[in-house]
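Below is one structure; the comments refer to it alone.
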Amino acid sequence: MKIKWFKTIDSTNNRIALDKEELPDKTVYMTDFQTAGKGQRGNGWESAKAENLLFSILLKPADILAENQFIISQAVTLGIVGYVRSKGIEAKIKWPNDIYVGDKKICGILIENAVNGDKLVSSIVGIGFNLNQLSFSPSIPNPVSLSALTDVSYDLKDELLSLLHFIFEEYDKRSEQTEERYVSTLYRLGRPHSYIHTASGATFTGTILGVDKTARVIIDTDEGQKAFAFKEIQYII
Ligand code: BTN
């Protein structure tokens, strides 16, 4: 594993994507500050300077088929949950790849995969983990940091190394159990909650049962079991 640490860049995902042809598997780009941090759904990612972990991991797995690319998301989220739990804090995975403590988001992940034919060629796993930041812009929904939960101020380098250790351990041991463990760690698994159907705007009640191979979430609704892709539903929290 090789780590390159920038003071300020636009986005670790963008920078590692530019350099990826020459970089080996498991290269990490970390920064104190991003001027154009990217989030999911076309959103940005805001983070106070040198308070949080902002990094991207380049993966070049030799053995993952394009159709199985969801395993990366599962391994990475389980690694992050393991890290948070090592601090004595219970964490869950909000499908597909946010990390929640209670009803608050401690970590967001943006995965950008490159596929060639039926093979996954590379995966850029961008992680924004709220470590020390205590006050957030009101525009950010439900944020929390590890420091706010534990009342400890953390060293960025020590925590980056520890978090990477948990992530790579899960990534290296990925197997059929990874999906089972991912499902059993899902936020709101097995209990009825409210969701919004994005296209219609309608609210419905349903119970998360699991996921399928294509990363859709399976929800038991009044109209039977349905599978939803990312962006097709929103959680009401
Ligand atoms: C989300 O919206 O929840 C995903 C946020 C991902 C943010 C991280 S910060 C490091 C990496 N570089 C980016 O531009 N985005 C990801």
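Values below: every heavy atom of this structure, side chains too, minus hydrogens, waters and symmetry copies. Each ligand, and each atom within it, is numbered from 1 in the order the structure gives. Sequential numbering from 1 along the given sequence is applied to the chain's residues.
Ring centers of Tyr182 and Phe70: under 6.0 Å apart, within the cut-off.
Within 6.0 Å of the NZ atom in Lys104, the count of heavy atoms belonging to other residues, nucleotides or ligands does not exceed 12. Around atom CG of Asp222, no more than 12 heavy atoms belonging to other residues, nucleotides or ligands sit under 6.0 Å away.
Backbone and side-chain nitrogen or oxygen atoms of Trp45 are examined, and none is located within less than 3.5 angstrom of a nitrogen or oxygen of ligand 1.
The nearest protein atom to atom 2 (O) of ligand 1, hydrogens excluded, is given as Gln40 N, 2.7 Å; this is a heavy-atom distance. For atom 11 (C) of ligand 1, the closest heavy atom belonging to the protein is Thr12 OG1, 3.2 Å. For atom 3 (O) of ligand 1, the closest non-hydrogen atom of the protein is Lys105 NZ, 2.6 Å. Counting protein heavy atoms only, atom 15 (N) of ligand 1 is closest to Lys38 O, 2.7 Å. Regarding atom 12 (N) of ligand 1, its nearest protein heavy-atom neighbour is Gln34 OE1, 2.9 Å.
In terms of modelled atom types and a separation under 3.5 Å, the side chain of Ser11 and the main chain of Gly37 share no donor-acceptor contact. Formation of a donor-acceptor pair under 3.5 Å by the Ser56 side chain with backbone atoms of Asn13 is found in this model. A distance-only check finds no donor-acceptor pair linking the side chain of Asn116 to the backbone of Lys119 [under 3.5 Å].
Distances shorter than 4.0 angstrom do not occur between any heavy atom of Arg41 and any atom of ligand 1. The shortest separation from a heavy atom of Asn43 to ligand 1 is not under 4.0 Å, leaving the residue out of contact.
Lys7 has a carboxylate O that lies under 4.0 Å from a charged side-chain N of Asp32, or vice versa, which qualifies the two as a salt bridge.
Taking the ring-ring contact (aromatic ring centres under 6.0 Å, His included) definition, one finds that Phe230 meets it with nothing, sequence neighbours left out.
Residue Gly37 has at least one heavy-atom neighbour below 4.0 Å for each of these atoms of ligand 1: 14 (O). The Asp98 neighbourhood of ligand 1 comprises atoms 3 (O), with distances under 4.0 Å to a heavy atom of that residue. Of all the atoms in ligand 1, the ones that sit under 4.0 Å from a non-hydrogen atom of Gly39 are 1 (C), 2 (O), 4 (C), 5 (C).
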